[in-house]
Amino acid sequence: MTLTRRGIYQADLTDVSEADKAIGSRVCPFADESKNEDEVAAEVFEPSMPHDSRIGKYKGMYAGRVTDDLVIPGSSSGGITSWLLTRLLERDEIDGVVHVGPAESQLFGYVVSRSVDEVMGRRKSQYHPASFAETLKQIRGDGLRYAIVGVPCAIKSARHVAAEDEVIAAQLKYFVGIVCGHLKSTAYAESFAWQVGVAPDDLATVDFRIKNPEKTSRQYSFGAKSKQTGEWREAETLSLVGGNWGHAVFQLEACNYCDDIFAETADVVIGDAWLSKYEIDWRGTNVVITRNAVIDEILAEGVESKAVGLDVLDTDSVARTQGGNFRHRREGLAVRLADDDAEGRWHPAKRVEPGYSHVTPDRVEIIRKRRSLSAQSHGMFAAAKEADELDVYLDAIRPLISDYQQETKMAFGTRLRNKAQREFWKLAGKFKR
Ligand SMILES: Cc1cc2nc3c(=O)[nH]c(=O)nc-3n(C[C@H](O)[C@H](O)[C@H](O)COP(=O)(O)OP(=O)(O)OC[C@H]3O[C@@H](n4cnc5c(N)ncnc54)[C@H](O)[C@@H]3O)c2cc1C
């Protein structure tokens with residue numbers, strides 16, 4: 001896997017034999033030769049486990065967070081991911097964790113943590129590309145057991161690797177999924193850092209999810225550190241150009257073909273519980289779906305010891321935590337597939353049928369604009385880097401964003417309803433206290 005100049009990992013097929021290409025296609029999460037999420041889930045989970053077409057197979061469904069308010073600011077959301085990983089280590093279920101953290105040659109990449117301190121030192125969401133190719137080679141055959149953490153396509157791919165390679169299969173004991181809206185190129189971190197005053201070649205490190213006790217959990221900030229001066233700069237993410245996830249700047253093209261929101265092949269999947277009731281709490285709240293008895297047991301122990309607090313959710317509430325994701329990955333995907341078919345472009349076979357009949361013509365327009373905005377953002381940022389001038393990117397992307405924004409303006413009634421819901425839960429919280 002090589003990182004392209006635009007900051008995206010791509011398989012380099014130079015000198016690769018036909019036999020190896022065939023293996024590559026069987027492990028690639030977006031190739032027709034690889035099994036889809038339903039096929040993998042049918043192989044790895046108990047047949048009796050219930051299934052929902054929106055969220056995949058499920059055992060337990062929860063919303064919650066770790067209870068230690070001194071620890072939680074170090075996590076992106078409710079901190080359940082890192083807590084669960086440390087419990088797997090402490091219970092001797094695993095010897096290490098393959099996950100994403102600060103790396104040597106990149107801002108972030110896949111690394112191996114072997115202690116609770118290392119796991120806790122590599123918290124937070126990294127909206128940055130990462131490949132586990134080298135990391136899996138590094139651990140292969142060392143006789144140790146691991147949990148691997150990844151966005152849905154990474155987990156599906158790790159399952160495919162395990163199906164091809166019995167050594168890796170024996171070592172990867174737990175597959176921990178992270179809910180994903182879409183993955184970003186390296187330009188996402190760089191463009192934000194540049195906007196707060198740290199140029200790409202001066203960028204030492206970033207924090208994508210800084211919490212603010214005065215705000216809601218959605219109103220997190222971005223921070224960047226300069227290599228030269230060591231200075232730390234911050235801004236609220238939503239105030240930055242491209243800070244709204246719906247605009248999909250620097251989204252990878254593969255994400256246009258993803259229909260897996262809840263990492264359907266993972267033993268457990270964890271995301272943000274974007275429901276008004278939880279969103280108002282600055283600490284962050286996870287949505288969690290379990291598909292593994294040991295994970296269920298660990299969560300039950302956590303509730304018992306009061307290390308974590310969990311509400312039980314139903315399938316509808318779980319799906320509601322990812323409204324935008326469903327619009328992009330199910331409704332939007334059907335439109336993109338139909339557009340590809342109409343234009344004679346290849347696309348991978350998906351679980352979603354191509355078509356337009358499920359959405360209004362206005363919605364079709366929005367889906368197309370988002371795809372175009374996201375595709376153009378890569379070149380615009382590359383031109384800005386070439387010219388060493390941030391405005392080259394900002395001046396080019398702003399009109400596209402404002403045009404898109406115009407189309408997607410939430411109806412007044414919907415805005416009012418969402419605000420009323422948040423106010424209700426704030427009041428309810430005060431009474432509880
Ligand atoms: C690219 C991306 C897009 C996301 N989109 C959504 C979304 O649309 N909706 C939603 O609800 N949630 C989304 N999330 C998940 C969310 O941001 C939190 O990561 C999740 O809620 C877990 O929070 P936590 O507090 O439990 O994790 P923490 O305790 O902060 O731990 C995070 C763990 O995830 C690992 N990690 C971080 N980044 C990556 C990565 N890129 N690949 C693999 N492992 C990683 C870390 O190493 C750490 O172990 C996304 C995450 C990523 C990385």
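Note that these values count all heavy atoms, side chains included, but never hydrogens, waters or copies made by symmetry. Counting convention: from 1, in listed order, for ligands and their atoms alike. In this text the structure is predicted, and so the values were computed from the model without any measurement.
- Within ligand 1, counting atoms from 1 as listed, the ones closer than 4.0 Å to a heavy atom of L183 are 1 (C).
- Put simply, no part of R65 is less than 4.0 Å from ligand 1, judged by heavy atoms.
- K385 forms no cation-pi arrangement with W194, by the criterion of a distance under 6.0 Å to the ring centre and an angle within 45° of the ring axis.
- In this structure, of S82, P102, P152, G150, the residue bringing a heavy atom nearest to atom 28 (P) of ligand 1 is S82.
- Atoms of ligand 1 lying under 4.0 Å from at least one heavy atom of R209, given by number and element, are 17 (O).
- Remark: among candidates Q322, K124, Q126, the nearest residue to atom 32 (C) of ligand 1 is K124, based on non-hydrogen atoms.
- Not less than 6.0 angstrom separates the ring centroid of Y62 from the ring centroid of Y278.
- E33 has no carboxylate O lying under 4.0 Å from a charged side-chain N of R26, or vice versa, which leaves the two without a salt bridge.
- Looking only at protein heavy atoms, the nearest one to atom 7 (C) of ligand 1 is G181 N, 3.5 Å.
- Ligand 1 has no nitrogen or oxygen under 3.5 angstrom from a nitrogen or oxygen of H182.
- The protein atom (non-hydrogen) at minimum distance from atom 49 (O) of ligand 1 is H99 ND1, 2.9 Å.
- To the nearest 0.5 Å, atom OG of residue S76 and atom CG of residue D207 are 7.5 Å apart.
- Given atom 51 (C) of ligand 1, the protein heavy atom at minimum distance is I178 CG2, 3.5 Å.
- The closest approach between G79 and ligand 1 falls below 4.0 Å for a heavy atom of the residue.
- Within the 4.0 Å heavy-atom criterion, neither part of W83 lies near ligand 1.
- Of the polar atoms of W245, none of the N or O atoms is found under 3.5 Å from an N or O of ligand 1, judged by distance alone.
- Counting heavy atoms closer than 4.0 Å to ligand 1, residue V287 contributes nothing at all.
- E301 has a carboxylate O that lies under 4.0 Å from a charged side-chain N of R87, or vice versa, which qualifies the two as a salt bridge.
- Looking from atom 6 (C) of ligand 1 to the surrounding protein, the closest heavy atom is V179 O, 3.3 Å.
- Of the polar atoms of G101, none of the N or O atoms is found under 3.5 Å from an N or O of ligand 1, judged by distance alone.
- Contact check on R351 versus E264 returns a salt bridge, with a Lys/Arg side-chain nitrogen under 4.0 Å from an Asp/Glu carboxylate oxygen.
- Atoms of ligand 1 found under 4.0 Å from any heavy atom of Y127, numbered from 1 in the order shown, are 1 (C), 2 (C), 3 (C), 4 (C), 17 (O), 50 (C), 51 (C), 52 (C).
- Per-residue contacts place N286 under 4.0 angstrom from the following atoms of ligand 1 (heavy atoms of the residue considered): 21 (O), 22 (C), 23 (O), 24 (P), 26 (O).
- Only side-chain heavy atoms of N325 come within less than 4.0 Å of ligand 1; its backbone N, CA, C and O stay farther off.
- Under a 4.0 Å criterion applied to the non-hydrogen atoms of G271, ligand 1 contributes the atoms 11 (O), 12 (N), 20 (C), 21 (O).
- The nearest protein atom to atom 19 (O) of ligand 1, hydrogens excluded, is given as S125 OG, 2.8 Å; this is a heavy-atom distance.
- One finds a salt bridge joining K156 and E37 here, because a Lys/Arg side-chain nitrogen approaches an Asp/Glu carboxylate oxygen to under 4.0 Å.
- Ligand 1 has at least one atom lying under 4.0 Å from a heavy atom of Y110.
- Taking the charged nitrogens against the carboxylate oxygens, D267 and R291 have no contact shorter than 4.0 Å, which rules out a salt bridge.
- Ion pairing between a basic and an acidic side chain is recognised when a charged N comes within 4.0 Å of a carboxylate O; R114 and D95 show no such pairing.
- Salt bridge absent: D314 and R320 never bring a charged side-chain N and a carboxylate O closer than 4.0 Å.
- Distance check: E279 CD to T321 OG1 gives 11.0 Å after rounding to the nearest 0.5 Å.
- Remark: minimum distance from atom 24 (P) of ligand 1 to any protein heavy atom is reached at T81 OG1, 3.5 Å.
- At most 12 non-hydrogen atoms from other residues, nucleotides or ligands lie less than 6.0 angstrom from CD of E166.
- Annotation for ligand 1: atoms under 4.0 Å from non-hydrogen atoms of L85 are 49 (O).
- Using modelled atom types, one finds a donor on one side chain and an acceptor on the other under 3.5 Å when comparing H99 with S113.
- R370 has no carboxylate O lying under 4.0 Å from a charged side-chain N of E365, or vice versa, which leaves the two without a salt bridge.
- For atom 48 (C) of ligand 1, the closest heavy atom belonging to the protein is R122 O, 3.3 Å.
- Scanning the protein for heavy atoms near atom 39 (C) of ligand 1, the closest one is V100 CB, 3.6 Å.
- Salt bridge R371/D339: absent, no basic N to carboxylate O contact under 4.0 Å.
- Between G74 and ligand 1, no pair of N/O atoms sits closer than 3.5 Å.
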